[in-house]
Amino acid sequence: MILTKISLINFRNYSKCSIKLNDKVNIFIGNNAQGKTNILESIYVLALTKSYRTSYDDFLKRKGSDSYKIKGNLKIGQYSKEVSISVLNNDKKVFINETNIKKISDYVSNLNVILFSPEDVETIKGAPSLRRDLLNIEISQLYQQYIKNYNEYNKILKMRNDYLKLIYTNSISDYRYLDVLTDNLIERAAYIYKERIEFIEKINKNLTLIYKNLTTTDNLTIIYDSNIDIIDKSIEEIKVSLKNKYSTNYNKEIMAGMTLYGPHRDDYRFLINGNDIKIYGSQGQQKMAMIAFKLSEISIFEEVTGTKPILLLDDIFSK
Ligand SMILES: Nc1ncnc2c1ncn2[C@@H]1O[C@H](COP(=O)(O)OP(=O)(O)O)[C@@H](O)[C@H]1O
Ligand SMILES: [Mg+2]
């Protein structure tokens with residue numbers, strides 16, 4: 001997949017800007033605060049419809065402007081397509097070849113990007129939700145089904161949490177509706193687990209060698225920590241495990257007023273020579289581990305989509 005051109009209107013510090021890109025490698029050089037990261041960010045936003053630096057679209061609009069637009073021209077084999085995103089006030093629209101795509105989940109996965117930015121070490125050091133976000137974003141780029149399942153999972157999760165609270169406050173003793181919600185949740189959860197575990201397995205296949213090449217000595221692997229027992233990663237087996245977990249813990253969940261088990265509670269760890277680098281790793285090791293993770297993704301993306309993704313490397317040689 002080759003991005004041949006990127007055009008920006010009122011994005012960050014650019015009022016109007018159009019850049020023709022080389023088929024292979026493009027390097028942006030400039031002083032501090034000139035807008036290098038903003039260009040990479042715009043490509044990321046074009047791919048994923050949101051930024052990794054802010055969750056507010058308003059910050060992406062050039063100061064004083066009420067809209068922004070990003071347009072990219074892509075070449076995939078002999079095919080070309082144009083993708084674009086526009087935000088006017090709070091109205092976000094995405095287009096493929098100038099056709100408005102109504103659902104964001106049908107749009108994401110059209111332009112595949114893998115970004116490395118200096119903030120990425122936070123993914124290792126920070127809260128588990130950051131690590132889950134990374135998995136969700138990357139797998140969403142590969143399978144449209146994943147975002148759909150994930151969105152549905154979150155909706156059912158909220159309903160289930162609300163209902164668990166209601167059971168407690170209203171002393172409801174009939175759990176039939178809870179069972180319906182639980183079964184619906186399990187359907188989506190099992191799929192999410194399966195995709196995440198397979199993704200981490202594929203990363204691990206590449207990771208050790210890539211990390212060794214970067215550092216010459218150490219062994220890096222990722223361990224997926226699930227709050228349910230997953231012995232066999234078939235969807236059916238995961239469903240059985242989940243069902244078991246929920247049916248033996250519903251009292252605990254009612255007392256807590258929330259769903260305590262499921263993919264929204266999972267985490268994964270990066271181990272170098274068996275040690276968790278969140279705790280024992282140096283900053284350099286954490287940064288290298290993230291770079292190795294991103295590089296490991298390239299062949300996975302290529303295998304699934306049939307084309308190499310676009311690699312965005314920001315300040316890779318800093319620190
Ligand atoms: N919404 C915005 N409107 C106008 N300028 C912005 C906006 N957001 C960031 N900037 C400007 O962009 C510049 C930083 O750009 P950045 O791409 O991060 O720089 P660098 O070249 O160092 O990577 C700063 O000058 C900042 O003020
Ligand atoms: Mg920068």
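Computation of the quantities below employed the complete heavy-atom set of this structure, encompassing side-chain atoms and omitting hydrogens, waters and symmetry-equivalent molecules. Read the numbers this way: they start at 1 and go in the same order the structure lists the ligands and their atoms.
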Item to check | Donor-acceptor under 3.5 Å (K36 side chain, G30 main chain) | outcome: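 Yes; judged by distance alone, with no hydrogens or angles, the pair exists.
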
Checklist entry - Will you find, in the side chains of N151 and R188, an N or O donor that is under 3.5 Å from an N or O acceptor? => result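 Side-chain D/A pair, N151 to R188: absent.
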
Checklist entry - Can you find a side-chain donor-acceptor pair between K252 and Y261 that sits under 3.5 Å? => result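 The criterion, which ignores hydrogens and geometry beyond distance, is satisfied for Y261 and K252.
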
Checklist entry - Where does the angle between the aromatic ring planes of F293 and Y268 fall among parallel (under 30°), tilted (30 to 60°) and perpendicular (over 60°)? => result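 Aromatic pair F293/Y268 classed parallel.
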
Next on the checklist: Students often mix this up, so state it plainly: with edges at 30° and 60°, are the rings of Y146 and Y150 parallel, tilted or perpendicular?
Outcome noted: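 Geometry flag for Y150 against Y146: parallel rings.
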
Next on the checklist: Restricting to N/O/S atoms, is T37 within less than 2.8 Å of the Mg ion (ligand 2) or not?
Outcome noted: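 Yes, T37 qualifies, because one of its backbone or side-chain N, O or S atoms lies under 2.8 Å.
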
Checklist entry - Which is it for N73 and T4 under the side-chain hydrogen bond (donor to acceptor under 3.5 Å, both in side chains) test, yes or no, and what are the steps along the way? => result CA-CA 6 Å; N73 294 91; T4 54; 5.2 Å; no

Where does ligand 1 get N/O contacts under 3.5 Å from the protein, atom by atom?
residue  : atom   : partner : partner atom : Å
ligand 1 : 1 (N)  : F59     : O            : 2.8
ligand 1 : 1 (N)  : K61     : O            : 2.9
ligand 1 : 3 (N)  : R12     : O            : 3.2
ligand 1 : 3 (N)  : K63     : N            : 3.0
ligand 1 : 8 (N)  : R12     : NH1          : 3.3
ligand 1 : 12 (O) : N38     : ND2          : 3.1
ligand 1 : 15 (O) : N38     : ND2          : 3.1
ligand 1 : 17 (O) : K36     : N            : 3.3
ligand 1 : 17 (O) : T37     : N            : 3.1
ligand 1 : 17 (O) : N38     : N            : 2.8
ligand 1 : 17 (O) : N38     : OD1          : 3.1
ligand 1 : 17 (O) : N38     : ND2          : 3.4
ligand 1 : 19 (O) : G35     : N            : 3.3
ligand 1 : 21 (O) : Q34     : N            : 3.2
ligand 1 : 21 (O) : G35     : N            : 3.0
ligand 1 : 21 (O) : K36     : N            : 2.8
ligand 1 : 21 (O) : K36     : NZ           : 2.9
ligand 1 : 22 (O) : A33     : N            : 2.8
ligand 1 : 23 (O) : T37     : N            : 2.9
ligand 1 : 23 (O) : T37     : OG1          : 2.7
ligand 1 : 25 (O) : A33     : O            : 3.3

